[in-house]
Amino acid sequence: MELNRLSFNPRKRSAYETFDLTVLLVKQHAVALVSLYLMMAVPVFLIVSFLVNWGIGGFVVWWLKPVFERPLLDYMSKAVFNQPVNIMSSLKSLKQLKIADMLAHLTVFRLSPNRAFLAPVEQLERLSGERKTKRKRVLFASTKPKQTLWMLFCVHFEFIILMGISALTIALVPHSFSAQEAMYQLFEAPVWVEIAFNFIYIISISLVAPLFVTGGFLAYLHRRVELEGWDIELAFKNIRTRLAGVVSAVTLFILTTFTLQPSTSYADQIDKQAVKEQVTALYNEPNVIETETTWVPNIEAKDSSSESDWSWLIDVFTAIGEVFGIFVWVLVGLLVIWLVYYLMQKRGFFANLSLPERTKVNEEPVIPTLFAEIKSKDLPTDLIAAAKQCFEQGEHRLALAYLLHHALSWAQQQHDVRLNRSMTERECKRAIDARVPNQGQAIFARLFSAWVTVAWGHKTPDIDFIELTEQVTTMTAKTKEQAHEA
């Protein structure tokens, strides 16, 4: 390891200084790191989504985060030491990962905040078994890398980016699309909404993953600086480089001087026994060294034949603990098997989830936002009479709005037509055609055609409004009479 090629000064830093340095290094390699992460996450997301569904694809990308972080670690481990870096070579580092280590990180240590801090032990130092355990214990000894705090920061930052991009996307959607309605009907949203949300999520994690990985790696490097004294070693190397010529001359001069000195020593011989007696006498002086007597309990193993030997009870509890631990892991394994089976059968957590209160039993009809003139609190009791009165007064738009509201309410109550506030005229017509009989479809076609002419074309509709009103009244009355007779 060539310490003189480090891209930063290897001095002792606090955890917060390390995180500041992380931001600076990530800014230098942001494009390469984000591209590297997207090259792994996007293909996996598309493959799983086409094979299962889009929701499971997003879940798999989240679950495989520990695997996707390893090429980022390989890239930064070379960039920090100013070595040639290549995205493809970093991707090839996935072949060198040990399956057992990755399975552990995908199961037991999946939510561990220290995975970025300890990943270099497995990937860069290539330790395993007892040596890996001891190395991790040494790294954690008397140190606070604050990886939990760093993980919480990255999670919140990822959530902020996700919500920010989502809000920006909704803000760019036309005004007829209601964001509140879309969030309420999350499980009934169109497929393109789910796909867009998952892609936004992948972009969010690809922007934050380089920060998380680099922060853990730099915390690992600064822990090694403390343990191995990299700063001291590098300082001595720099001194040696600067003073190489001077030290050589001084050394030659000293060696020459001592070579010319006589070999006979005229120093007085030291009486070792006398020195030992003086040191012993000095230690025995009461005022020279302070001594203090303390009581320490004598905890020694008693005779095995003693009646108070309870070691068998300790063995019993140990056996019970081991059996209980095995039982817990068996339960965890059964839970994982059941979860996989459930996902394969149901094709996702939310595949069959529905909102029965809104889809089957609608207490109040839904008014799409295209009828901006109508407020729920201002609805007249008799919509047909109100529509006729408004048409006679020349308020064609409000008259058609009342008539459409009456017809749409009837369609929702009698034919279970599912409408929401964000629907446009075309979407409403498509939902009605799927439920209402052919005669009713023709009436709704005339209604929507007249509405588009008035609302969007700002023209007087070329229709017989009285005849259209009678058709709507007849259509809704027949159904009510049939329901009453039944």
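The structure displayed is predicted, hence computed values, not measured ones. Note that the numbering runs from 1 along the sequence shown for the chain.
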Self-check item: Within 6.0 Å of CD in Gln83, more than 12 heavy atoms from elsewhere
Solution: yes
Quiz item: Do Pro66 and Arg110 come close enough that some side-chain heavy atom pair is under 4.5 Å?
Solution: yes
Practice problem: Indicate yes or no: does Asp74 engage Arg70 in a salt bridge with an N to O separation below 4.0 Å. | Solution: no
Quiz prompt | Charged N-O contact under 4.0 Å between Lys146 and Glu17 | solution = no
Exercise. Tell me, yes or no, whether the heavy-atom count around Lys92 atom NZ, taken from other residues, nucleotides or ligands under 6.0 Å, exceeds 12.
Key: no
Quiz item: Charged N to carboxylate O below 4.0 Å: is that the case for Asp101 and Lys132?
Solution: yes
Self-check item: Minimum heavy-atom distance Met40-Leu94, with the two atoms named
Solution: SD-CD1, 4.2 Å
Quiz item: Would you call Arg223 and Glu226 a salt bridge, taking side-chain N to carboxylate O under 4.0 Å as the test?
Solution: yes
Self-check item: Trp54-Phe45 aromatic ring centre distance below 6.0 Å
Solution: yes
Quiz prompt | Glu125 versus Tyr220, side-chain donor and acceptor atoms under 3.5 Å | solution = yes
Practice problem: Could you pull out the closest heavy-atom pair between Pro84 and Lys78, with the gap in Å? | Solution: O-CD, 4.0 Å
Quiz item: Less than 4.0 Å between a side-chain N and a carboxylate O, is that true for Lys429 and Glu425?
Solution: no
Self-check item: Arg446 NZ/CZ over Trp451 ring centroid, <6.0 Å and within 45° of normal
Solution: no
Quiz item: So, Arg418 versus Gln412: side-chain donor-acceptor pair below 3.5 Å or not?
Solution: no
Quiz item: Any Lys/Arg nitrogen of Arg115 or Glu69 sitting under 4.0 Å from an Asp/Glu carboxylate oxygen of the other?
Solution: yes
